[in-house]
Asks: 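Before I ask anything, let me first share the structure, which is written out below as structure tokens.
Residue numbers count from 1 along this sequence.
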Amino acid sequence: QVHLVESGGGLVQAGGSLRLSCAASGRTFSSTAMAWFRQTPGKDREFVAAIIWSGGTTPYADSVKGRFTISRGDSKNTLYLQLASLKPEDTAVYYCAAQRYYRDPTEWSGYDYWGQGTQVTVSS
């Protein structure tokens with residue numbers, strides 16, 4: 001089994017920053033990519049950023065380019081998202097995800113494992 005745990009969310013003012021973390025565990029866990037998605041109540045999960053391990057490609061949603069940065073820790077099982085220049089519209093629950101084999105990294109259906117999410121709230 002694969003277990004993903006997000007942390008680092010909180011309440012910040014517009015223009016502020018946060019660093020989200022995702023820890024993945026499981027004796028047999030491996031992945032082709034990991035990603036961050038976000039969701040507000042009543043809406044579909046929205047792609048934010050991904051990192052594809054083979055080659056290190058990091059696609060970003062247009063809405064966050066230049067403001068958010070995805071990176072890995074000491075292993076593929078640790079993932080970070082640095083959120084800067086935050087806007088009220090960034091308010092959402094942020095989820096970490098991992099895929100067992102390669103599919104479209106920008107689609108929620110391309111991922112197999114999900115964390116429980118961490119709340120980010122940006123005040124104006």
Asks: If you group Ile, Leu, Val, Met, Phe, Trp and Tyr by side-chain heavy-atom gaps below 4.5 Å, do L86 and Y80 land in one group?
Replies: no
Asks: Going only through I, L, V, M, F, W and Y residues with side-chain contacts under 4.5 Å, is there a path from Y113 to L79?
Replies: yes
Asks: Can you tell me which residue pairs pass the disulfide bond (SG atoms under 2.5 Å apart) test with a partner in residues 31-64, sequence neighbours excluded?
Replies: none
Asks: Just one of L81, L83, I51, V64 clears the side chain to side chain contact (heavy atoms under 4.5 Å, CB included) bar with W36, so which one?
Replies: L81
Asks: Which atom pair, heavy atoms only, marks the closest approach of T40 to A92?
Replies: CG2-CB, 3.9 Å
Asks: Taking the side chain as C-beta and beyond, is there a heavy-atom pair between D90 and R38 under 4.5 Å?
Replies: yes
Asks: Kindly say whether Q39 contributes a backbone atom to a donor-acceptor pair with the side chain of R45 at under 3.5 angstrom?
Replies: no
Asks: Carefully, step by step, assess E89 and S63 under the rule side-chain contact (heavy atoms from CB on, under 4.5 Å).
Replies: CA-CA 10 Å; E89 51 262 46; S63 60; over 6 Å; no
Asks: Flag the pair R103 and D112 as a salt bridge only when some basic side-chain nitrogen lies within less than 4.0 angstrom of an acidic carboxylate oxygen.
Replies: yes
Asks: Do R100 and S30 come close enough that some side-chain heavy atom pair is under 4.5 Å?
Replies: no
Asks: Going by heavy atoms in the side chains, are V48 and Y60 under 4.5 Å from each other?
Replies: no
Asks: Would a hydrophobic clustering, with Ile, Leu, Val, Met, Phe, Trp and Tyr connected at side-chain separations under 4.5 Å, put V2 with W53?
Replies: yes
Asks: Between D62 and K65, does at least one N-O distance fall below 4.0 Å, as a salt bridge requires?
Replies: yes
Asks: Do Q82 side-chain atoms and T69 backbone N/O form a donor-acceptor pair below 3.5 Å?
Replies: no
Asks: Can you pull the side chain to side chain donor-acceptor pair (under 3.5 Å) pairs that have at least one residue in residues 115-124, sequence neighbours excluded?
Replies: Q119-T121
Asks: Measuring only between side-chain heavy atoms, which start at C-beta, is R72 closer than 4.5 Å to M34?
Replies: no
Asks: Check which hydrophobic residues are tied to F47 through side-chain heavy-atom contacts below 4.5 Å, counting indirect links as well, and list them.
Replies: F37, V93, Y95, W108, Y111, W114
Asks: Got a sec, which residues hit side chain to side chain donor-acceptor pair (under 3.5 Å) with K43, two or more places apart in sequence or on another chain?
Replies: none
Asks: Can you name the nearest heavy-atom pair linking P59 to I52, along with the distance?
Replies: CD-CD1, 4.5 Å
Asks: Between atom CD of E107 and atom CG of D44, what is the distance when rounded to the nearest 0.5 Å?
Replies: 10.0 Å
Asks: Looking at residues at least two apart in the chain, or sitting in another chain, which of them share a side chain to side chain donor-acceptor pair (under 3.5 Å) with T32?
Replies: Q99
Asks: Side-chain polar contacts of residues 11-24 - donor-acceptor pairs under 3.5 angstrom, sequence neighbours left out - could you list them?
Replies:
none

Asks: What pair of heavy atoms forms the shortest contact from A50 to P105, and how long is it?
Replies: CB-O, 4.0 Å
